[in-house]
Amino acid sequence: MTRMQARADSIRTSGHEPSPTPPAGMRSAVPQVQLDDDPALRAEILEAIADLAGRSAWTLGAEVDAFEAEFAAYCETEHAIGVSSGTDALALALRALGVGPGDEVVVPANSFIASAEAVTLVGATPRFADVDPFSANLTEETLAPALTPRTRAVIAVHLYGRTVDMAPIVALARAAGARVIEDACQAHGARYRGRRVGGLGDVAAFSFYPAKNLGAWGDGGAVTTDDPELADRIRLLRCHGERPRYQHRIVGTTARLDAIQAAVLRRKLPRLDAWNDARRAIARRLTAGLIGSFVSQPADAAPDGDHVYHQYVVTSSDRDGLRRHLSERGIATGVHYPVPIHRSRAYAAHRPGAPQLPVAERLAEQVCSLPMFPSMTARMVDRVLEAVQAYRPLGSVAS
Ligand SMILES: *Cc1c(COP(=O)(O)O)cnc(C)c1O
């Protein structure tokens, strides 16, 4: 990789993985993600922020209350609580469930590290599960061997925006006495058996990191649940256990959603379903156009599930060669994720005696996220397809 290619791009994708920068002269070819490029949307958001500035309304308040009501209605859940990030949403959900030291929480090894960090942050221990080779998600089969008598919760990650087959996972977790947390940070708006993600387990976490399907202009997150007691505890925890002012009922933290971010999210939420439809349409064109190429297409939605294509992830046995080939043609790509969580340095302590998780380990070597964002044009899709079709993996016979 050249020095220029190794330089980090200014837009980071959801996995916090910098894309290689295309060679000079091709900088604006096809980015991996492109955010909020609609001038009408930008103007609406700036107006809302100016209004907040006029009122010095920065923390919680009416804008956050309104967003919470709108997001709960969107997710078809009783409650939504705005918080400071997806990681905090997961950690607060765990704390509200009473998960702590001595407890184990099952986390798929093929996810963004935050899915595990939240468990560690509350003093519990992540137990890493492998994932299904077809869907790249946790399944009943990969969950079962990770359950122990100490399992208190299971985190089901709707990775890349593809819904997990929740029913068998909830049944298995219930039988083991464990609660179910959805990590819906990549799947805003997806449906499973008619219901939105966010309402499929006991409690769910969303991230509004800018590159997510619903992104803020900075960090933000939300917890959704139908359980009024959990919702109440999370409201207390996100703001110092305070109710009313300076009456601290429990030890909490600072993990509130900013009013500015709520204002941004309120302007974007009404557009989310159309953006997800655009992502699905782009994915259909990519999948059709990749037939006959040397890469494997991602699994489409299951018949009773959904896919909102937060990422469009192909696999190749020569992934790094594929990325170099695409980069030379001005096409930026990402890797979600290059190291499975249980092999990361941060979780080195978990490695001795750690189970072999062969699917997560193989995926980390083979996955490549192609460009995917709602405003991706037909011309951009064609450029990506032409470039991938021209790719020949190492050791293949030239045609
Ligand atoms: C982005 C993400 C998170 C963390 O969200 P932040 O808002 O960045 O803290 C957690 N889990 C998954 C699967 C994510 O993609």
Side-chain angles (χ1 to χ4, degrees), residues 11-18 32-33 35 71 80-94 105-122 126 128-129 131 135-138 153-164 180-190 197-198 200-201 203-224 238 253-258 261-262 264-265 268 279 307-313 334-342 344 346-347 360 363-364 367 369 372:
I11 298 173
R12 297 196 308 174
T13 64
S14 64
H16 307 250
E17 152 78 10
Q32 210 252 322
V33 291
L35 308 173
F71 194 62
I81 303 103
V83 299
S84 43
S85 70
T87 308
D88 284 330
L90 284 168
L92 294 175
L94 287 161
V105 178
V106 178
V107 177
N110 181 31
S111 182
F112 183 53
I113 192 168
S115 307
E117 280 175 317
V119 176
T120 308
L121 279 169
V122 303
F128 296 105
V131 293
S135 68
N137 270 335
L138 189 70
V154 174
I155 297 181
V157 184
H158 303 293
L159 196 73
Y160 310 141
R162 189 182 194 277
T163 51
V164 168
V180 177
I181 301 172
E182 286 174 86
D183 181 337
C185 292
Q186 302 189 358
H188 320 63
V197 302
L200 305 173
V203 58
F206 289 86
S207 166
F208 304 126
Y209 179 78
K212 306 289 177 160
N213 290 34
L214 179 64
W217 281 7
D219 285 305
V223 182
T224 56
R238 74 167 166 186
T253 185
T254 299
R256 298 174 294 252
L257 181 66
D258 285 334
Q261 303 307 349
V264 174
L265 294 164
K268 294 176 78 169
R279 288 174 183 269
H307 202 327
V308 291
Y309 290 96
H310 172 59
Q311 296 292 352
Y312 185 91
V313 178
V335 176
H336 304 97
Y337 296 91
V339 182
I341 305 175
H342 68 297
S344 66
Y347 281 100
L363 285 172
V367 289
S369 305
M372 169 55 76

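These numbers were taken from a predicted model, which means no experiment stands behind them. Order of appearance sets the numbers: ligands from 1, and atoms from 1 within every ligand.
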Student: Return the set of residues passing side chain to side chain contact (heavy atoms under 4.5 Å, CB included) with Asp88 (not counting sequence neighbours), or none when no residue passes.
Tutor: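 Listed in chain order: Ser84, Ser85, Ala255.
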
Student: Distance alone, cut at 3.5 Å: any donor-acceptor contact between the side chains of Ser369 and Tyr160?
Tutor: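 No.
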
Student: Show me which atoms of ligand 1 lie under 4.0 Å from any heavy atom of Ala114.
Tutor: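 Selected atoms, number and element: 3 (C), 4 (C), 10 (C).
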
Student: Does Gln186 form a side-chain contact (heavy atoms from CB on, under 4.5 Å) with Leu159? I'd like the steps, not just the answer.
Tutor: CA-CA 6 Å; Gln186 302 189 358; Leu159 196 73; 3.8 Å; yes

Student: Evaluating non-hydrogen atoms only, which member of His336, Glu117, Lys212 is closest to atom 15 (O) of ligand 1?
Tutor: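 Ranked by closest heavy atom to atom 15 (O) of ligand 1, first place is Lys212.
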
Student: Taking side chain to side chain contact (heavy atoms under 4.5 Å, CB included) as the definition, give me every residue that meets it alongside Thr224, ordered by chain and number, with sequence neighbours left out.
Tutor: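 Residues passing side chain to side chain contact (heavy atoms under 4.5 Å, CB included) with Thr224: Phe71, Cys75, Thr77, Ala80, Ala204, Phe206.
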
Student: Counting N and O atoms only, with roles assigned by atom type, does the side chain of Arg238 sit under 3.5 Å from a partner on the main chain of Val83, one being a donor and the other an acceptor?
Tutor: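 No, because the side chain of Arg238 does not come within donor-acceptor range (under 3.5 Å) of the backbone of Val83.
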
Student: Under 3.5 Å between any N/O of Ser111 and any N/O of ligand 1: does that happen in this structure?
Tutor: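 Between Ser111 and ligand 1 (N or O atoms, distance only) the closest approach is not under 3.5 Å.
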
Student: Output the list of atoms in ligand 1 that are nearer than 4.0 Å to some heavy atom of Ser115, sorted by atom number.
Tutor: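 That gives atoms 11 (N) of ligand 1.
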
Student: Has ligand 1 got any nitrogen or oxygen that is less than 3.5 angstrom from a nitrogen or oxygen of Asp219?
Tutor: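 It does not: no N or O of Asp219 is found under 3.5 Å from an N or O of ligand 1.
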
Student: Under 4.0 Å from a heavy atom of Asp183: give me the atoms of ligand 1 that qualify, with their elements.
Tutor: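 Reading through ligand 1 atom by atom, the close ones are 10 (C), 11 (N), 12 (C), 13 (C).
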
Student: Tell me if a side-chain donor or acceptor on Lys268 pairs with a main-chain N or O of Gly215 at a distance below 3.5 Å.
Tutor: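 Yes; at least one donor-acceptor contact below 3.5 Å.
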
Student: Please work out, at 4.0 Å between heavy atoms, whether the side chain, the backbone, both, or neither of Thr87 comes within that distance of ligand 1.
Tutor: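 Both backbone and side chain.
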
Student: Do you know which of His307, Glu182, His310 makes side chain to side chain donor-acceptor pair (under 3.5 Å) with His158?
Tutor: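 Testing His158 for a side chain to side chain donor-acceptor pair (under 3.5 Å) against His307, Glu182, His310 leaves exactly one candidate, Glu182.
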
Student: For Tyr347 and Phe128, take the angle between the two ring planes, folded into 0 to 90°, and tell me which bin it lands in: parallel under 30, tilted 30 to 60, perpendicular over 60.
Tutor: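 Correct class here is perpendicular.
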
Student: With a heavy-atom distance limit of 4.0 Å, tell me whether Ser85 approaches ligand 1 through its side chain, its backbone, both, or neither.
Tutor: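 The part of Ser85 near ligand 1 is both the backbone and the side chain.
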
Student: I need the atoms of ligand 1 closer than 4.0 Å to a non-hydrogen atom of Val157, numbered in the order shown.
Tutor: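 In order of number, 13 (C).
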
Student: Judging by distance only, is a nitrogen or oxygen of Gly86 under 3.5 angstrom from one on ligand 1?
Tutor: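 Yes, since at least one N or O of Gly86 sits under 3.5 Å from an N or O of ligand 1.
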
Student: What part of Ala89, side chain, backbone, both or neither, has a heavy atom within less than 4.0 angstrom of ligand 1?
Tutor: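 Looking at Ala89 and ligand 1, no heavy atom falls under 4.0 Å.
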
